[in-house]
Amino acid sequence: MGDRTLTTLEGHGQAAPQPVTDEAQDRARQGLLRRIRTPRRPRFWFEILLIAVSYWTYSLIRNAVPEQKAEALGNADWLWRLENHLGIAAEDSVNHAVNSVTWLIVGMNYYYATLHFVVTLGVLVWLYRSHPGRYAAARLALFSTTAVALLGYYFFPLAPPRLMTGGDFVDTVVVHQTWGSMASGDLKHMSNQYAAMPSMHIGWSLWCGLTIFALARVPWVRMLGLLYPAATLVVIVATANHFWLDAVGGMVCLTFGFTMARLWYGALPYTLPRRVAPVTLRVGHTRIDHAP
């Protein structure tokens, strides 16, 4: 609440409001925008509801994108040729090598199915509890990353390597009869199979890894933060769910997400104060300090 000043007219017993100038209106608008853009203490139930609704909306839109099979397969062939031209087309070799070690590939199937939910939510909870001043900006980066990925799913339908026509890839979930992908086996009808570009496994894991590396204090925990997206990259390729360039797409989306947070809050999430600064309210000549 800004300062409120009442001017008493001489000879009158009550205050009369003064005309509001354009300059005063501009200051009021700037003050409102500044308050909106100032990090506030997150509210637990609101955050739970926001995350649940946002993920539901993301899944709904992602799965509502038409499964353009012919175009998706054509794009996969084109991307595979591009990777061969660039000399990075090693996904089939990784897929077959890891598939030959049953316990390893089964573990990767479960990794692929679960950790992008578990770790991402875990990092959000950690931010909420330990870094409330940075939480909103980091959350905005994550949500913006996820939102822009939907454009990729719509404008560039892409089949994963395991679904390529005539490809030499192994669908590890089907072969080993494990539960590792919503787009394989009995669960394939619950998810859009041709939404492989960009990889949000990479986008989310890299967001988690950078957050942990930037904010954790224990050295080995910071190293785990860096290893997590690296391990995720190996997993998405070994299970034949993504190409290398899908991971690049996820990185581009994350760059967009951090850019949005930087523009809105005026700083990258990790450079903001750890704790939320008290807000000073002024009522007349009285100051009231409280945490939002």
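Atom CG in N99 sits 3.5 Å away from atom NE2 in H176 (nearest 0.5 Å). Between atom OG1 of residue T120 and atom CH2 of residue W207 there is a gap of 7.0 Å, rounded to the nearest 0.5 Å. Remark: L142 CG to T146 OG1 distance equals 4.5 Å, nearest 0.5 Å. The OG1 atom of T255 sits 14.5 Å away from atom CZ of R262, with the distance rounded to the nearest 0.5 Å. One finds the OG1 atom of T165 at 6.5 Å from the CG atom of D77 (value rounded to the nearest 0.5 Å). Expressed to the nearest 0.5 Å, how far SG of C208 lies from CG of L124 amounts to 7.5 Å.
With sequence neighbours excluded, the residues forming a ring pair (Phe, Tyr, Trp, His ring centres under 6.0 Å) with Y270 are F258, listed by chain and number. Under the salt bridge (Lys or Arg N to Asp or Glu O under 4.0 Å) criterion, E47 pairs with R139, sequence neighbours left out. Listed by chain and number, the residues in a ring pair (Phe, Tyr, Trp, His ring centres under 6.0 Å) with F169 are W80 (sequence neighbours excluded). Residues meeting the side-chain hydrogen bond (donor to acceptor under 3.5 Å, both in side chains) test with S199, sequence neighbours left out: none. Legend: residues meeting ring pair (Phe, Tyr, Trp, His ring centres under 6.0 Å) with W78, ordered by chain and number and at least two apart, are absent.
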Derivation and outcome, side-chain contact (heavy atoms from CB on, under 4.5 Å), residues Y228 and I212: CA-CA 10 Å; Y228 175 53; I212 294 170; 5.9 Å; no
Candidate pair F156 and E71, rule side-chain contact (heavy atoms from CB on, under 4.5 Å), full reasoning: CA-CA 8 Å; F156 192 75; E71 184 177 356; over 6 Å; no
side-chain contact (heavy atoms from CB on, under 4.5 Å) between L163 and Y194, worked out: CA-CA 9 Å; L163 292 182; Y194 304 111; 4.0 Å; yes
Intermediate values then yes/no, side-chain contact (heavy atoms from CB on, under 4.5 Å), E91 and V94: CA-CA 5 Å; E91 291 92 331; V94 176; 5.8 Å; no
Please list, one pair per line, the donor and acceptor atoms closer than 3.5 Å that link side chains of residues 242-253 to other protein atoms, with sequence neighbours excluded.
unit_1: H242; atom_1: ND1; unit_2: A196; atom_2: O; d: 3.0
unit_1: H242; atom_1: ND1; unit_2: D246; atom_2: OD2; d: 3.2
unit_1: H242; atom_1: NE2; unit_2: Y112; atom_2: OH; d: 3.4
unit_1: W244; atom_1: NE1; unit_2: I88; atom_2: O; d: 2.8
unit_1: D246; atom_1: OD2; unit_2: F243; atom_2: N; d: 2.9

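Taking the side chain as every heavy atom from C-beta outward, L215 and R274 never approach each other to under 4.5 Å. Inter-residue side-chain proximity for H201 and L115 is flagged as unmet; no heavy-atom pair is nearer than 4.5 Å. Using a 4.5 Å heavy-atom threshold, the side chains of V98 and M108 count as touching. Between I51 and L121, the closest side-chain pair of non-hydrogen atoms falls below 4.5 Å. Under the 4.5 Å side-chain criterion, counting only non-hydrogen atoms from C-beta, V173 is not in contact with T239.
Under the 3.5 Å distance criterion, with hydrogens and angles disregarded, no donor-acceptor pair is assigned to the side chains of W204 and T145.
Remark: the backbone N or O of A141 is not paired with any side-chain donor or acceptor of S144 at under 3.5 angstrom. The closest donor-acceptor contact from the side chain of N95 to the backbone of V170 lies under 3.5 Å. Within the 3.5 Å criterion, the main-chain N or O of L127 finds no donor-acceptor partner in the side chain of S130.
One hydrophobic cluster, built from ILVMFWY side chains closer than 4.5 Å, cannot hold both M197 and L73; they sit in different ones. Hydrophobic clustering (side-chain heavy atoms under 4.5 Å, transitive across Ile, Leu, Val, Met, Phe, Trp, Tyr) keeps L226 apart from V221. Hydrophobic clustering (ILVMFWY, side-chain heavy atoms < 4.5 Å, transitive): F117 and Y58 are in one cluster.
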